[in-house]
Structure formats: structure tokens, C-alpha cells
Amino acid sequence: MQETEPGGPLLLRNARIATLDPARPGLGEIEGAAVLAQDGRIVFAGPEAGLPAHQAARVIDCEGRWVTPGLIDCHTHLVHAGNRAHEFELRLNGASYEEIARAGGGIVSSVKALRAASDDQLLAETLPRLDALLAEGVTTIEVKSGYGLDLENEMKSLRVARKLGEARSVSVRTSFLGAHALPPEAKGDRRAYLDQVISMLPAIKAAGLADAVDGFCEKIAFQPDEIALLFGAAQSLGFAVKLHADQLSDLGGAALAARFGALSADHVEYTSEAGAIAMAEAGTVATILPGAFYFIRETQKPPVDLFRRHGVAMALATDNNPGTSPLTSLLLTMNMAATLFHMTVEECLKGITLNAARALGLASETGSITAGKWADLAIWDIERPAELVYRMGFNPLWKRIWRGM
């Protein structure tokens, strides 16, 4: 994650805040509230009448506006080259995701484009996508590699992801997703390529380019026993792990992720009750990706009721990628989750704040308006928090604050 000098003293007054503090019920709403930040961290959040003595260098009168934690997009493939609009056309004409992938399209086509791009080209292509997210109040983002599929290009992708945090005021977490697909040169030999991916781990660790290791556990990608080998090697080096699990079929990916104490299992449309129970026991977050569900016309919905019943925390993310979710709006993501999956306003807002922070291992640092956490905030021109989920194609952000700035 980027580390910079945080902002000086800051006071937000005359606000209504949705703290998302897990110690409070619902959204943790407080009327007539104030938020005081010092050195980029929150030191007070509560009724303005209880505000401690302070000397704030900057005062923002919110004039009754709502303040939420800064939004968190906890699953993206933001660094990529080109697009796959032609595959979108193929799907419109009836081709399935698996058919396109098996014919050499899908992820492999993005691999060719990324390998041909320089660091500067990748950064220039990626920044507009990032800026679209920041314009909606995003203050933390996760970026996966997975379009390089060799050491040189995976490291290039991760370097560019880190540079995003230097080019913009945003916290960036990175995940190494070498086990995303087979590169053309692997000639279908999954196990040999997996060995190559495992051999990349020490160099990526030494370079400090990844915070976590991810994998794609699916019939068209890697099998559970192969992911287990990868996760064992990753954890031996101190990496956190995450998993693309149960998107197209139930291979037990969610339960596998839980067995390794993964931060999250993502997609999870086909996750069974046994998988949900395992996730709940391990504290593994279910990251739900409605953009991909919508874009590739899936019909199997994630088992939201199972996750509720067993107490699995649910996060939401854009899954921004060129092939299956070219989405750069967390606000639209929430509306999709509510409309398609019947998630509540509270679940949606927690999904892009508190639970998204949990999915990145950052719950102690961000995701709620709580003393001690970073002053990552979004101020909205709305009358009630439900508007953030209700509207489509409308952005009511009034001001975005990252680390008190």
C-alpha cells in the first residue's frame, strides 16, 4: 500500500454520518455529527456536542450532508491493455464464456495485449479507469495481475498497479494472480505452468510487489489440488491468499479458500452450504461480483440467503476487467446487487466499506468512521443513504477525502 504524508487537522461538522461501525446497529447513523481527524487518522466521530477541544486547520461545514467511509473496490483487474469488445459481440451471438476461452480468446487475448504494452502505456490506459472510481468516492482499491502469465510481465503489471498509488491519492493493494489461465506457451500443461507460478513467488515477494496471492479455481483454469499447492507455497512466504471460487461450477473452491484462511472467496455463485459454513468458521469474506454475473448473462445467483444464515460477511466489488466486467462504478455495483440478488441497502453499503476492508485484510485501518482508522471519507448530496443504492447513472458525491486530505 502507498505510504505518504497524511493530512493535517481536519474537522467535518454539521454532518449526518453513516459510520458503518460494527459496534453500532445498522449503518451506525449519527445525526448532528462531527468527525475530527489528525495526522490523517480519525480521532473523534460522534455527536457534535461531544466534540473534544481541538485546533483544526481545516473546517468543512457539511451543511447536513451525509458522510460515509470512503468506498473500497476490493476486487479489480484494473491494469490491462486494450479491450475485448469483439468477444462481447460473440456472446451476443450466442457463444459462451467457456467456448470463447477454449478457442483461445478470453484471458489469453488480454495476455497478448499486456505483454505488448510498456509500463507507461499500461499506466496511461489504466488511470482513466481509476479516475472513474475515484470520482465516486473510492479511497482504496485492490488490483490483481494475471494478464502477464510469466515473471517479467506479471511483475510489470504489479509495478503499474503500485504506480497508481503514486499517481493518485488512493490506497492500493495488489494481488499476484499468476494462476489465472494458461499462457499459449504452456501448451495445455497445467501442472508445469503451476510450477512456474510457484517459482515466481520469491521474486515477487522480494520486490514487494504483491500483498496477496490469488488463483482461479475452475474447470477452465486450475483444480483444487493445484490451488492448494500454490496457497501452501504462498503462505510459506508470508502472503495472504484469496481465491476466484465457484463462479461457473462448484469445485469446492469456497471451502478450499476457507481451509487456508483466505481473506476472501470471490464470485461464489455456485458455493454450497458446506462451503458457506466453512467460510463462516474461517472468517473468509464472500466477495460478490454482480457486474460479471450481469455481463456474461449468468443465471446461477450467489447464495446470499446461505451467507446470511451462516453469518458470512459479504463484500461487493466491480471486478473491473476487459472481458467479463468492464465496470467502473461501485454505485452501479450496489444497485445491481440489490436488484439482481436482493441484497439490502445495509448489506450493499457494508459490502463496499467495512466488509470490503475485511476482504483486503484492512478492517483495522479503514472501512468505517471509527477513531484510529484512516480519515478516508466520502461526503454525499443525498437525503438518505438508500439513494446511493437506489439511483443508476447518477453520482451524488460532494467531496472525497483520503487520509484527511
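Computation of the quantities below employed the complete heavy-atom set of this structure, encompassing side-chain atoms and omitting hydrogens, waters and symmetry-equivalent molecules.
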Are side-chain N/O atoms of Glu142 and Thr76 paired as donor and acceptor at under 3.5 Å?
no

With the side chain counted from C-beta on, respond yes when Ser171 and Trp402 share a heavy-atom pair under 4.5 Å apart, and no when they do not.
yes

Hey, can you tell me if His80 and Tyr147 have their rings parallel, tilted or perpendicular (30° and 60° cut-offs)?
perpendicular

Would you call Glu365 and Arg173 a salt bridge, taking side-chain N to carboxylate O under 4.0 Å as the test?
no

Which pairs would a plain distance check flag for residues 330-339, meaning a side-chain donor or acceptor within less than 3.5 Å of a matching protein atom at least two apart in sequence or in another chain?
unit_1 : atom_1 : unit_2 : atom_2 : d
Thr333 : OG1    : Ser329 : O      : 2.8
Asn335 : ND2    : Val389 : O      : 3.0
Asn335 : ND2    : Tyr390 : O      : 3.2
Thr339 : OG1    : Asn335 : O      : 2.9

I want to check something: taking the side chain as every heavy atom from C-beta on, are Asp189 and Arg191 in contact at a cut-off of under 4.5 Å?
yes

Would you mind reporting whether Leu340 and Glu298 have side-chain heavy atoms less than 4.5 Å apart?
no

Identify the residue among Lys156, Glu154, Met155 that makes a side chain to side chain contact (heavy atoms under 4.5 Å, CB included) with Leu209.
Met155

Note, Phe341 side chain near Ile288 side chain (heavy atom, < 4.5 Å):
yes

Taking the inter-plane angle between the rings of His244 and His180 on a 0 to 90° scale, is it parallel (under 30°), tilted (30 to 60°) or perpendicular (over 60°)?
tilted

Using distance alone, with no hydrogens and no angle criterion, decide if His267 and Asp246 have a side-chain donor and acceptor under 3.5 Å apart.
no

I'd like to know whether Phe176 forms a ring pair (Phe, Tyr, Trp, His ring centres under 6.0 Å) with Phe239, so could you lay out the CA-CA distance, the side-chain angles of the two residues, the decisive distance to 0.1 Å, and finally the verdict.
CA-CA 10 Å; Phe176 169 53; Phe239 285 109; 7.6 Å; no

Please check if any side-chain donor atom of Ser264 sits under 3.5 Å from a side-chain acceptor atom of Asp266, or the reverse.
yes

Is any side-chain heavy atom of Leu127 closer than 4.5 Å to one of Leu164?
yes

Any side-chain donor-acceptor pair under 3.5 Å between His310 and Glu273?
yes

Whether Glu166 and Arg162 form a salt bridge (side-chain N of Lys/Arg under 4.0 Å from carboxylate O of Asp/Glu) is what I want to check.
no

Mind checking whether Leu289 and Gln247 have side chains closer than 4.5 Å, heavy atoms only?
no

